[in-house]
There are 2 protein chains.
Amino acid sequence: MLDVANAAGVSLKTVSRVINEEPGVTPAKVAQVEAAIAALGYERNDIAASLRSGAKSSTVGLVIEDVANPFYAVVAQAVEDVAREHASLLITTSAREDAERERQLVTALLRRRVDALLIVPAGPDHSYIAATGFAGNTVFLDRPPANTEADTVLVDNAVGAELAVAHLLRYGHQRIAIVGDAMSLYTAQERLIGYRHALAAGGAQVDEELISMGHGTLDSAREAVNELMALPLDRRPTAVFTANNRCTIGALHALEADRSHLALVGFDEFELADLLGVTVVRTDPYRMGQVAAELALGRTSSEGPHHARRVIVPVELVARGSGEIPAS
Amino acid sequence: MLDVANAAGVSLKTVSRVINEEPGVTPAKVAQVEAAIAALGYERNDIAASLRSGAKSSTVGLVIEDVANPFYAVVAQAVEDVAREHASLLITTSAREDAERERQLVTALLRRRVDALLIVPAGPDHSYIAATGFAGNTVFLDRPPANTEADTVLVDNAVGAELAVAHLLRYGHQRIAIVGDAMSLYTAQERLIGYRHALAAGGAQVDEELISMGHGTLDSAREAVNELMALPLDRRPTAVFTANNRCTIGALHALEADRSHLALVGFDEFELADLLGVTVVRTDPYRMGQVAAELALGRTSSEGPHHARRVIVPVELVARGSGEIPAS
DNA sequence: CTGTTAGCGCATTCAT
DNA sequence: ATGAATGCGCTAACAG
């Protein structure tokens, strides 16, 4: 910037004024400065500017599990859109279900003084965030934090699972399996609770043999369904509730072309679900990311303590055929 | 940091030493300082640190079209992984095929002094980047830049298209349609060139009626296929080459359950392509992002001028059935 | 209207 | 082994 000032024959402050479009500069000098800027290819250092002005960093930090998972990719897109409305950029990081890594990432983001921190919590403890005094603009997504109070945006896991299982019960199924993610995950727990609750409400008995949790990957879900279908006929399920998009797709791989012998309802929408005729409980990852970002960015950091809010994003069942196969 | 120094009863510089793990501090003082840090919940301001040290910002900027597109989500994941190896964070931005917006985003990233800039170029001119003197660490992905020289990583578009069309020719097809993206896009142009080239090489004639470019969205691709299939029998195509993942999925929606009357090869892999038996030309978006990030981060910024490199990531055809339907 | 001084939070350089 | 002074690039608060 000093170079620009010298080249334009004005003071450093005048350059600053031109760049920030502050009033009170002669058009002639504005032109000189702009010419110098163009000649030198100068770009203001926003980092130095925000350091001095003490203003916001205009940066949002997002910690998700994996950008390549379509569910989180949509969340990231939503957050980026909201950030853009607030003239902010988004730093996206992937924790890969690793608590230690999550902590490193959060620390790195705090060290960069992000204005808002959005986290899909993976660790068993998040009190370290509150310890930094930053808790005000932290919002948790998809899962509630552990050992700390903060705004949280969730999908209606239990109700979604109940919708799915009740739907299958309505078609006469009594032996309904669940293929879900690791029980250490909040969403997996909640969906299993919903599953049990719906079975109880429908007067069906829970058979532990039909509960296959602990598999998050596509391959393990495929295996789980294969094992279920290999059971003797009287113990075999007639329907399955796949508790997330990975599980649903894994199950479809197990069943391949012949899906008529096992009714299926999946949790989470996925691309081509319509074409494949897969009945799902649709969640709204875009809305979740949007709400979370607005909560975090909408709050002025000086508001002081507040009680943590919890937003539950609704779900809906979309019938497409795979969930409407009657029990044999 | 001053607060910490006061709380610990030492000078500011000593705190700095402890934080940066510099040698030459009494263990006793280290303990005092660490206690003060814990008590105050202090986190170093990395922004101020990098400003003073003049070192790298440890930030990578990525400009893609849309994080929610699985293709770009994988690119983003790859770039994030490489950035992590270099102890850097990734700022992801979406230009949405808008040249003006792309320029805004690039400027915003340069103003933050990112160490490396990775761009899927959307605009008609990118000389403005070179004008900032930053060109050294800029790498373009998926499409070459306009009016400027810089490292570029591309997939083998023309060869991929040729593979697809040659495959269909081998099964006896003569009337092969192409459903592709807007002709303003480099990838669309290249794939159309490959299409024409393969037809010429195979002795088939090009029928302009079977060329349907200008549609990037899923819905427009579906429409395009519907129109092709509504042609009189003698003018109707017996095969189609869908030139990107959106087009392929749109085409599948048009065909629905009955895909036996139109052979199909798609450009780009997509989830469930295996299950649906869709033959595709597989590209490697992860590798593309990885190579681009390594090119950008591997270069020390002081290396001075260099000749722009161009890396072409290979493609391969994966036969799954939809492309092996013989011509009737 | 314009320029000068001071300082954001930290690391560098040089004293002590 | 520790600390004081100086400055990174910029803007806020004052001068002129």
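For the numbers below, each heavy atom of this structure counts, side chains included, while hydrogens, waters and symmetry mates do not. Residue numbers begin at 1 in each chain, while the letters A, B, ... track the order of the sequences. Owing to the predicted nature of the structure, the values given are computational and were not obtained by experimental measurement.
Checking A:Ala48 against B:Pro23, the closest nucleotide of DNA chain D that is more toward the 5' end is the one next to B:Pro23. Nearest-nucleotide positions on DNA chain C for B:Leu12 and A:Val25 put A:Val25 closer to the 5' end.
OP1 or OP2 of C:dC10 has at least one side-chain nitrogen or oxygen of B:Tyr42 nearer than 4.0 Å. Regarding contacts with the backbone of D:dT11, a side-chain N or O of A:Asn20 is found under 4.0 angstrom from either OP1 or OP2. Taking side-chain N and O atoms only, A:Ser53 has no distance below 4.0 Å to OP1 or OP2 of C:dC8. The phosphate of D:dT11 (OP1 or OP2) has a side-chain N or O of A:Arg44 nearer than 4.0 angstrom. Put simply, B:Thr26 has a side-chain N or O that comes within less than 4.0 Å of OP1 or OP2 on D:dT2. In this model, the phosphate group of D:dG3 is approached by a side-chain N or O of B:Ser11 to a distance below 4.0 Å at OP1 or OP2.
Atom CD1 of B:Ile47 and atom P of D:dG9 are 16 Å apart (whole Å). Going from atom CG of A:Asn6 over to atom P of C:dG3 covers 12 Å, rounded to whole Å. In this entry the distance linking CG of B:Leu51 with C1' of D:dG7 reads 10 Å, nearest Å. As a whole-Å value, the separation of A:Met1 CE from D:dG7 C1' is 16 Å. Distance B:Arg52 CZ to C:dC10 P: 14 Å, rounded to the nearest Å. In this structure, A:Lys13 places its NZ atom 11 Å from C1' of C:dT2, rounding to the nearest Å. Here the P atom of nucleotide C:dG9 and the CZ atom of A:Arg111 are 16 Å apart, to the nearest Å. With rounding to whole Å, A:Lys29 atom NZ is found 7 Å from C:dT2 atom C1'.
A 4.5 Å side-chain heavy-atom check between B:Phe71 and B:Asp142 finds at least one atom pair inside the cut-off. With a 4.5 Å cut-off on side-chain heavy atoms, A:Phe140 and A:Leu154 do not count as touching.
No option in B:Thr217, B:Thr187, B:Asn244 other than B:Asn244 meets the side-chain hydrogen bond (donor to acceptor under 3.5 Å, both in side chains) test with B:Asp181.
Checked for salt-bridge contact, A:Glu43 and B:Arg112 miss the test: no charged N lies under 4.0 Å from a carboxylate O.
Picking from C:dG3, D:dT2, D:dC10 the nucleotide with the shortest atom distance to the side chain of A:Asn45 gives D:dC10.
Evaluation of atom-type donor-acceptor distances gives no pair under 3.5 Å for the side chain of B:Arg113 against the base of D:dG9.
Checking A:Gln104 against A:Arg101 by side-chain atom types alone, no donor-acceptor pair falls below 3.5 Å.
Residue-level contact check: A:Asp46 touches neither bases nor backbone, having no heavy atom under 4.0 Å from any strand. In this structure, A:Gly24 reaches the bases: a heavy-atom distance under 4.0 Å links it to at least one base atom across the strands shown.
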